[in-house]
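Here the structure is laid out as structure tokens; the discussion comes afterwards.
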Amino acid sequence: MVKQTGKFIVSLDFELMWGVRDIVTAQSYGLNIKGVHQALPVMLDYFKKFNIHGTFAIVGFLFCRNKKELLEKLPHLWPKYLEPSLSPYGNYISKNVADDIEGDPYHFAHPLIQRIKDISYQEIATHTYSHFYCLEQGQTLDDFEEDLMAAIAIAAQTGIKITSIVFPRNQVNPIYLPICAKNGITAFRSTENSWIYTARTNNNESWLRRFIRLLDTYINISGHHCYSDDYLKKDILVNIPASRFLRPYSPWLGFLDLLKLSRIKRSMSYAAKNGLLYHLWWHPHNFGINQQKNFSFLEKILEHYTFLNKKYAFTSYTMAELSEKLSDKQ
């Protein structure tokens, strides 16, 4: 029997202001968002240098070149969240979105999407069309399917076929997976296999879980979160769970960065030695500020990947590539 080799997945939730609009405002988080336009090309350079196959899960709105196109491409059905601030429709667009990327780098990103598309071995996946929250009250299955179809359609206009999905806020709703499969999706990212990471609605999240997750960044509390091929194939779609969120540099917690790096490298090594999957993820806007610190940290991770690749054949895949590989085995 041939021993399975380890697999390395890097996925990024690309959402700009659509994903953080209800948490902070552009005035308080604007530097992070605007910084994506400088940070993402550098990120792609690192991926090319270290032969990383990255999956960029992109909110469909970001494909629009201007506000006119954005308004023309709105789905016919909108989610009616009980919490109005979650919705990007109606007043949000009219009040907060400018005419185009020149005047609004917070909501448009077509040139960056084209740049990702032009780089070899990078996958463009969907983060839904509107940053759709699948566990929040007020939305329906029909709303979700309409949203997903809109995301697939606008990507197709740029010559992109969508086959992977990352659910916003990791709100995986199992009853929505058949809709994904029906519309050509073959893989999704789920949460780490631990109670502290299980997806919840915004109102049901607790400070205790947030605090334990913060500790888990530096100390191995919940485990390595590495997964076998059999685990990945347990759902209707290929389930590619997260292993670790790459927290960005913090001036207040920077003195703990060696612990954070050690935590990630140890789990990567565990996956490589045991023929398992390790899945690292973050948002491009996490690198929007403190870019030198963040890229220096990322480089150390990717150097470790190179070491594991040479010693154990630890291999980088996109979510789509891994889904296809596992499907071929069935």
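On a predicted model such as this, the values are computed, not experimentally measured, just so you know. The chain is numbered in sequence order, starting from 1.
With a 4.5 Å cut-off on side-chain heavy atoms, H53 and I9 do not count as touching. Here the side chains of I240 and L322 are in contact, with some heavy-atom distance below 4.5 Å. At least one side-chain heavy atom of P241 sits less than 4.5 Å from a side-chain heavy atom of L232. Contact of the T186 side chain with the E324 side chain is not registered, since no non-hydrogen atoms from C-beta on lie closer than 4.5 Å. When side chains are defined from C-beta on, I196 does not count as touching F211, because their heavy atoms never get closer than 4.5 Å.
The local environment of CH2 in W207 is sparse, with at most 12 non-hydrogen atoms from other residues, nucleotides or ligands closer than 6.0 Å.
Closest approach of L71 and I93 over heavy atoms only: CD2-CG2, 3.9 Å. The two atoms that bring D104 and N96 nearest to each other are OD2-O, 3.8 Å, heavy atoms only. G275 and K7 make their closest contact through O-NZ, 4.4 Å (heavy atoms, listed as atom of the first residue, atom of the second, distance). Nearest heavy atoms, F47 versus G54: CE2-CA, 4.3 Å. Of all heavy-atom pairs between H225 and A242, the closest is CB-O, 4.2 Å. Residues S130 and Y89 come closest through the heavy atom pair CB-OH, 3.2 Å.
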Inset, instruction - With side-chain contact (heavy atoms from CB on, under 4.5 Å) as the test, would you mind laying out the steps for V10 and S316 before giving the verdict? - result: CA-CA 8 Å; V10 169; S316 177; 5.8 Å; no
Inset, instruction - Show the numbers, then the answer: is there a side-chain contact (heavy atoms from CB on, under 4.5 Å) between E205 and R210? - result: CA-CA 8 Å; E205 189 52 274; R210 289 190 177 101; 3.3 Å; yes
Inset, instruction - Would you check, one step at a time, whether the test side-chain contact (heavy atoms from CB on, under 4.5 Å) holds for I116 with L40? - result: CA-CA 9 Å; I116 296 168; L40 194 141; 3.8 Å; yes
Legend entry - side-chain contact (heavy atoms from CB on, under 4.5 Å) assessment of E123 paired with E321: CA-CA 9 Å; E123 175 191 9; E321 288 170 342; over 6 Å; no
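Applying the ring pair (Phe, Tyr, Trp, His ring centres under 6.0 Å) rule to F144 yields the partners F132, Y176; only residues at least two apart in sequence or on another chain are considered. The side chain to side chain donor-acceptor pair (under 3.5 Å) check on E145 picks up K182, N183, with sequence neighbours excluded. Partners of Y129 by ring pair (Phe, Tyr, Trp, His ring centres under 6.0 Å), not counting sequence neighbours, listed by chain and number: F61. Residues meeting the side chain to side chain contact (heavy atoms under 4.5 Å, CB included) test with P168, sequence neighbours left out: H127, T128, H131, Y133. Residues meeting the salt bridge (Lys or Arg N to Asp or Glu O under 4.0 Å) test with D13, sequence neighbours left out: R189. Take F8 and apply the ring pair (Phe, Tyr, Trp, His ring centres under 6.0 Å) test, not counting sequence neighbours, and it matches Y305, F314. Partners of E303 under the side chain to side chain donor-acceptor pair (under 3.5 Å) rule, at least two apart in sequence or in another chain, do not exist in this structure. Residues forming a ring pair (Phe, Tyr, Trp, His ring centres under 6.0 Å) with Y312 (at least two apart in sequence, or on another chain): none. When the salt bridge (Lys or Arg N to Asp or Glu O under 4.0 Å) test is applied to K49, the partners found at least two apart in sequence or on another chain are E299.
Side-chain contact annotation: K265 with S269, donor-acceptor N/O pair under 3.5 Å absent. Q291 and Q38 form no side-chain donor-acceptor contact under 3.5 Å, judged by distance and modelled atom types alone. Using a 3.5 Å distance cut-off with no hydrogens or angles, the side chains of T318 and T55 do not pair a donor with an acceptor. E192 and S194 are not linked by any side-chain donor-acceptor pair at a separation below 3.5 angstrom, with hydrogens and angles left out of the test. For the 3.5 Å distance criterion, the side chains of D143 and T140 qualify, holding a donor opposite an acceptor. With hydrogens and angles left out, the side-chain atoms of N170 and T191 include no donor and acceptor closer than 3.5 Å.
Under the 4.5 Å side-chain heavy-atom criterion for ILVMFWY residues, no single connected hydrophobic cluster contains both L261 and L259. With hydrophobic clusters built from ILVMFWY side chains whose heavy atoms lie under 4.5 angstrom apart, M319 does not share a cluster with Y121. Hydrophobic clustering (side-chain heavy atoms under 4.5 Å, transitive across Ile, Leu, Val, Met, Phe, Trp, Tyr) groups F56 together with V42. In the hydrophobic cluster analysis, where Ile, Leu, Val, Met, Phe, Trp and Tyr join through side-chain heavy atoms closer than 4.5 angstrom, L298 is grouped together with F307. Under the 4.5 Å side-chain heavy-atom criterion for grouping Ile, Leu, Val, Met, Phe, Trp and Tyr, V59 is not connected to L77 through any hydrophobic cluster.
A salt bridge links K260 with D257: the closest approach of a Lys/Arg side-chain nitrogen to an acidic carboxylate oxygen falls below 4.0 angstrom.
Atom CG in L12 sits 9.0 Å away from atom CG in L246 (nearest 0.5 Å).
Judged purely by atom type and a 3.5 angstrom limit, S327 uses its side chain to pair as donor or acceptor with the backbone of S323. Using a distance-only test at 3.5 Å, with no hydrogens or angles considered, no donor-acceptor pair links the side chain of E136 to the main chain of T201. In this structure, the side chain of E146 does not engage the main chain of P75 through any donor-acceptor pair within 3.5 Å. Panel note: side chain S250, backbone W252; a donor-acceptor pair is recorded below 3.5 Å. Between the N274 side chain and the L276 main chain, no donor and acceptor come within less than 3.5 Å of each other.
Geometric assessment of K234 against the ring of Y231 yields a positive cation-pi assignment under the 6.0 Å and 45° thresholds.
Applying the side chain to side chain donor-acceptor pair (under 3.5 Å) test to pairs two or more places apart or on separate chains, those with a residue in residues 60-70 are R65-H110, K68-E72. Evaluation of the ring-ring contact (aromatic ring centres under 6.0 Å, His included) test over residues 269-291, restricted to residues two or more places apart or in two chains, returns Y29-H285, H224-Y270, F245-W281, F245-H283, W281-H283, W282-F287, H283-H285, F287-F295.
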Tell me which donor-acceptor pairs under 3.5 Å the side chains of residues 214-221 have, and how far apart each pair is, sequence neighbours excluded?
{"residue": "D216", "atom": "OD1", "partner": "I221", "partner atom": "N", "Å": "2.9"}
{"residue": "D216", "atom": "OD1", "partner": "S222", "partner atom": "N", "Å": "3.1"}
{"residue": "D216", "atom": "OD1", "partner": "S222", "partner atom": "OG", "Å": "3.3"}
{"residue": "D216", "atom": "OD1", "partner": "R263", "partner atom": "NH2", "Å": "2.8"}
{"residue": "D216", "atom": "OD2", "partner": "Y197", "partner atom": "OH", "Å": "2.7"}
{"residue": "D216", "atom": "OD2", "partner": "S222", "partner atom": "OG", "Å": "2.6"}
{"residue": "D216", "atom": "OD2", "partner": "R244", "partner atom": "NH2", "Å": "3.2"}
{"residue": "D216", "atom": "OD2", "partner": "R263", "partner atom": "NH2", "Å": "3.4"}
{"residue": "T217", "atom": "OG1", "partner": "R213", "partner atom": "O", "Å": "3.2"}
{"residue": "T217", "atom": "OG1", "partner": "L214", "partner atom": "O", "Å": "3.3"}
{"residue": "T217", "atom": "OG1", "partner": "R247", "partner atom": "NE", "Å": "2.8"}
{"residue": "N220", "atom": "OD1", "partner": "G223", "partner atom": "N", "Å": "2.8"}

